[in-house]
There are 2 protein chains.
Amino acid sequence: MLNKATVERLIIYNRVIKELKAQGEKWVTSTDIARALSKTPSQVRRDISSLGRKGKRGVGYNIKKLINDLDSVLGLNDEHCVALIGAGNLGRALIGYPGFKREGFICRLIIDNDPEKIGSKISGIKVESSEGLAKKVARKKIAIAVITVPAEAAQKVVDSAVAGGIKELLNFAPVKIYVPEGVNIRYVDLALEMENLAYSLNYRKKNK
Amino acid sequence: MLNKATVERLIIYNRVIKELKAQGEKWVTSTDIARALSKTPSQVRRDISSLGRKGKRGVGYNIKKLINDLDSVLGLNDEHCVALIGAGNLGRALIGYPGFKREGFICRLIIDNDPEKIGSKISGIKVESSEGLAKKVARKKIAIAVITVPAEAAQKVVDSAVAGGIKELLNFAPVKIYVPEGVNIRYVDLALEMENLAYSLNYRKKNK
DNA sequence: AGCATATTGTGAAATATTTCACAAGCCAAA
DNA sequence: TTTGGCTTGTGAAATATTTCACAATATGCT
Ligand SMILES: NC(=O)c1ccc[n+]([C@@H]2O[C@H](COP(=O)([O-])OP(=O)(O)OC[C@H]3O[C@@H](n4cnc5c(N)ncnc54)[C@H](O)[C@@H]3O)[C@@H](O)[C@H]2O)c1
Ligand SMILES: NC(=O)c1ccc[n+]([C@@H]2O[C@H](COP(=O)([O-])OP(=O)(O)OC[C@H]3O[C@@H](n4cnc5c(N)ncnc54)[C@H](O)[C@@H]3O)[C@@H](O)[C@H]2O)c1
């Protein structure tokens, strides 16, 4: 298991390199990648070498092979079915985002417990109630869920989702969620991001 | 300047402690906080001691004083004006989110260059064109901007925003943005989050 | 007051991550 | 085929971050 920071960088390298490939490039050096991302070439090499891939000294990395390896390690070769739990403002913005589909993430299940929404369609997918959530997830063999319900409801829907076989979660609710061993949950906490900015602004103000 | 990871944790401690305060608690120990967040008590103490605040041995931290210090260090005592640039699906979901206002972030300027949107109101705020963006930002003395325009437009609007005095940015466009020294930009990259999940799922699949 | 128990604050150790620095290898041009 | 200019891969050094471990001290009970 590569460490978290390395994976995040590899994902970005992959994007940058795909861009270069689209522009017709065949080779890329650690310095090129580093420049595009304001990292050190040394870090880029260290990260790439953790894939096992070997570049060519004096030349750099073969873009096609490198992308292959990255996609394979990052699990981007096949599509992933995703469940969206909570079809509110944020959830709907996410479902409609074409970028996800482009990267291979297909929404196969939308859950909401608002009677007004249940039965309606969003981006062509029927909104289903949270009744029997675990079974619904299990039936479709979905492993990834995006959680966009209010904080109070989050732990509960996660528990059902996990019971149904969800292994990977992306949680937007601003609350700590407990998941069993072997289940991975990531947090996107937009208020935390804003507060980080506030800290930085405040620090600046105080120190000059 | 506290390191990034410490600030992120402090923000979360602050939240947890405010919760406890609302429940009537007066004191909290590093162990309590650590348990709520699955961290070590030692880390919590180290983080809090970086504020300069002193707890009471044998007892813990006085919640009221600790929140005071946290709010003061994190810059949460006064409100912050925010500009939202790009009033599309994601931008509108963010503007409407009551959590931001609750945490003291007030949207004072909405920018979009879609003629259909310019002049209309979102959450009571008029949408303005991106013409003269720098001046608009400067006139309202806004220091924080949230970027939710398409990737292609992002660098350009950021340049204008920074020219107008923006110092802190939260960028949702999946593209590396260059900002001058002294300006802080954070990225929220939702596709990256999904790809992280894909990596983890893939790793699991391959290694068992 | 004395004792038992709890919890902080912090050097020092342990880990983790990043960067340095350079031998080794590749390529093109002469 | 030799030379010079690049660039990789990677030990080792440098940094950064986290955890350990325990003296210092607060509180409550007898
Ligand atoms: N909108 C934002 O910009 C934003 C920003 C930061 C954080 N968040 C967080 O993201 C989450 C969603 O935000 P939102 O703005 O979309 O809220 P929202 O109220 O618009 O949407 C929440 C949706 O979840 C549904 N829901 C509630 N309980 C449910 C349950 N038990 N099972 C299934 N569905 C349920 C509701 O019917 C609603 O449709 C919240 O936790 C919020 O704090 C949102
Ligand atoms: N919606 C999502 O869930 C999601 C997820 C991940 C990333 N993103 C990223 O967030 C950004 C916004 O996404 P979205 O779904 O809201 O897109 P969107 O197309 O709905 O909205 C973009 C808005 O920006 C406006 N705009 C374009 N150029 C502009 C300019 N130069 N100045 C001012 N306004 C301009 C458009 O008129 C539009 O209203 C994109 O970069 C997208 O890649 C969105």
Side-chain angles (χ1 to χ4, degrees), chain A residues 1-14 16-17 20-21 25-70 73 192 196 199-200 203, chain B residues 1-14 16-17 20-21 25-70 73 192 196 199-200 203:
Chain A
M1 188 95 171
L2 303 173
N3 86 58
K4 205 180 93 118
T6 301
V7 174
E8 297 199 348
R9 285 191 301 265
L10 288 173
I11 290 170
I12 309 272
Y13 301 166
N14 196 18
V16 168
I17 299 162
L20 289 175
K21 187 181 176 217
E25 296 290 334
K26 298 263 183 292
W27 295 88
V28 65
T29 69
S30 59
T31 311
D32 297 338
I33 300 175
R35 201 177 13 240
L37 298 167
S38 314
K39 306 273 172 200
T40 65
S42 168
Q43 171 126 84
V44 172
R45 291 203 295 279
R46 185 70 76 189
D47 287 338
I48 292 179
S49 81
S50 73
L51 297 178
R53 158 133 311 277
K54 301 292 174 189
K56 226 183 225 182
R57 296 180 177 196
V59 180
Y61 302 93
N62 178 293
I63 286 185
K64 206 165 142 194
K65 286 187 187 161
L66 184 51
I67 290 175
N68 250 330
D69 279 9
L70 281 166
V73 169
L192 181 145
N196 253 286
Y199 166 71
S200 164
Y203 179 84
Chain B
M1 188 97 171
L2 303 172
N3 86 57
K4 205 180 92 119
T6 301
V7 174
E8 297 198 349
R9 287 190 302 265
L10 288 174
I11 290 171
I12 311 270
Y13 301 165
N14 196 18
V16 168
I17 298 163
L20 289 176
K21 187 182 176 216
E25 297 290 334
K26 298 263 183 291
W27 294 89
V28 64
T29 71
S30 59
T31 311
D32 296 338
I33 300 174
R35 202 179 11 241
L37 297 168
S38 313
K39 306 275 171 197
T40 65
S42 170
Q43 171 126 85
V44 172
R45 290 203 295 280
R46 186 67 79 190
D47 288 338
I48 292 179
S49 80
S50 72
L51 297 178
R53 158 133 309 279
K54 300 292 174 187
K56 224 183 227 184
R57 294 177 180 200
V59 180
Y61 302 92
N62 178 294
I63 286 185
K64 206 163 142 197
K65 285 187 187 163
L66 184 50
I67 290 175
N68 250 330
D69 280 10
L70 281 166
V73 168
L192 180 145
N196 252 288
Y199 166 71
S200 164
Y203 179 84

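Chain naming here is simple, since letters A, B, ... match the order of the sequence lines and numbering starts at 1 in each.
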Quiz item: Nearest nucleotide by nearest heavy atom, which residue falls closer to the 5' end of DNA chain C, K56(A) or A5(A)?
Solution: A5(A)

Quiz item: What are the two closest heavy atoms between K21(B) and I63(B), and how far apart are they?
Solution: CB-CG2, 3.7 Å

Quiz prompt | Interface residues of residues 36-48 of chain A with DNA chain C (non-hydrogen, below 4.0 angstrom) | solution = T40(A), S42(A), Q43(A), R45(A), R46(A)

Quiz prompt | Earlier contact from the 5' end, DNA chain C, for R9(A) and V59(A) | solution = R9(A)

Exercise. May I ask you to verify if any side-chain N or O of Y61(B) is less than 4.0 angstrom from the OP1 or OP2 atom of dG9(C)?
Key: yes

Quiz prompt | For P41(A) against A34(A), the heavy-atom pair lying closest together | solution = N-CB, 3.5 Å

Practice problem: Please identify each residue that fulfils side chain to side chain donor-acceptor pair (under 3.5 Å) with R45(A), with sequence neighbours left out. | Solution: S30(A)

Self-check item: Interatomic distance where CZ belongs to R57(B) and C1' belongs to dT7(C) [whole Å]
Solution: 9 Å

Practice problem: State, to 0.1 Å, how close V59(A) and W27(A) come at their nearest heavy-atom pair, and which atoms those are. | Solution: CG1-CE3, 3.6 Å

Quiz item: Could you give the start and end, 5' to 3', of the contact zone on DNA chain D for chain A, using atoms under 4.0 Å from its heavy atoms?
Solution: dC6(D) to dA12(D)

Quiz item: If you look at every strand shown and take non-hydrogen atoms under 4.0 Å, does S30(A) touch a base, only sugar-phosphate, or nothing?
Solution: sugar-phosphate

Self-check item: Partner of Y13(A) under side-chain contact (heavy atoms from CB on, under 4.5 Å), chosen from V28(A), L66(A), I67(A), L37(A)
Solution: L37(A)

Practice problem: Taking atom types as modelled, find out whether S50(A) and D47(A) have a side-chain donor-acceptor pair closer than 3.5 angstrom. | Solution: no

Practice problem: Round to the nearest Å and state the distance from I63(B) atom CD1 to dT8(C) atom P. | Solution: 12 Å

Self-check item: Whole-Å distance separating the CG atom of N62(B) from the P atom of dT7(C)
Solution: 16 Å

Self-check item: Nearest heavy-atom neighbours spanning L2(B) and V7(B)
Solution: CB-CG2, 3.8 Å

Quiz item: Where do I48(A) and Y61(A) come nearest, in terms of heavy atoms and distance?
Solution: CG2-CE2, 3.5 Å

